[in-house]
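Below is one structure, written out as structure tokens; comments come after it.
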Amino acid sequence: MGRNIKFRLMRIGKTQRWLNDELREAGYKSMNPPYLSAIINGHYKTKTTEAILDKIEEIIKPYEKQKGA
């Protein structure tokens, strides 16, 4: 959990469910809330999960800039 995704989502007023939907729109069609939660909590460490974490960064950063987070 080195990327503090849960905290960052809270700061920008977004939920993991919102993030799940954003990931699905970004091409991760099989993403589901339990799997996303496991990735965020560090239960899986693979190349695929690293790519998902990188995509999460891409999704969250613009909102952080808007909020000045």
Side-chain angles (χ1 to χ4, degrees):
M1 203 165 71
R3 298 182 194 215
N4 297 314
I5 293 168
K6 288 181 184 181
F7 176 73
R8 291 168 65 196
L9 284 171
M10 183 185 68
R11 286 183 67 190
I12 63 172
K14 302 293 185 184
T15 63
Q16 281 185 228
R17 186 160 306 272
W18 168 84
L19 182 57
N20 186 78
D21 292 343
E22 291 292 311
L23 286 166
R24 290 178 60 84
E25 286 180 26
Y28 293 94
K29 300 294 183 196
S30 63
M31 185 59 63
N32 61 63
Y35 184 52
L36 176 59
S37 182
I39 291 170
I40 289 173
N41 288 319
H43 295 294
Y44 297 114
K45 297 281 187 190
T46 67
K47 289 181 183 179
T48 302
T49 58
E50 284 301 313
I52 292 168
L53 289 169
D54 290 343
K55 179 55 80 174
I56 290 170
E57 290 289 330
E58 287 179 32
I59 292 168
I60 291 176
K61 280 187 181 186
Y63 290 92
E64 288 177 323
K65 287 180 182 176
Q66 286 177 355
K67 291 263 184 181

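Residues Ile5 and Tyr44 share a hydrophobic cluster, clusters being chains of Ile/Leu/Val/Met/Phe/Trp/Tyr side chains in contact below 4.5 Å.
Screening Ile52, Leu53, Thr48, Thr46 for a side-chain contact (heavy atoms from CB on, under 4.5 Å) with Glu50, the sole residue that qualifies is Leu53.
Here Glu25 pairs with nothing under the side-chain hydrogen bond (donor to acceptor under 3.5 Å, both in side chains) rule; sequence neighbours left out. Listed by chain and residue number, nothing satisfies the ring-ring contact (aromatic ring centres under 6.0 Å, His included) test with Tyr28 (two or more places apart in sequence, or in another chain). Qualifying side-chain hydrogen bond (donor to acceptor under 3.5 Å, both in side chains) partners for Ser30, counting only residues two or more places apart in sequence or in other chains: none. With sequence neighbours left out, the side-chain hydrogen bond (donor to acceptor under 3.5 Å, both in side chains) criterion links Ser37 to Asn41.
Residue pairs meeting the side-chain hydrogen bond (donor to acceptor under 3.5 Å, both in side chains) criterion with at least one member in residues 51-61, sequence neighbours excluded: Arg3-Asp54, Arg8-Glu57, Lys55-Glu58.
No more than 12 heavy atoms of other residues, nucleotides or ligands shown are found within 6.0 angstrom of NZ on Lys47.
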Using residues 15-22 as the side-chain source, report each donor-acceptor pair under 3.5 Å to any protein atom, sequence neighbours left out, with the distance given to one decimal.
from	atom 1	to	atom 2	distance (Å)
Thr15	OG1	Arg17	N	3.4
Thr15	OG1	Trp18	N	3.0
Asn20	OD1	Asn32	N	3.4

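Within the 4.5 Å cutoff, side-chain heavy atoms of Met31 are placed close to those of Ile39.
The line from CG of Leu23 to CD1 of Ile56 is 5.0 Å long, rounded to the nearest 0.5 Å.
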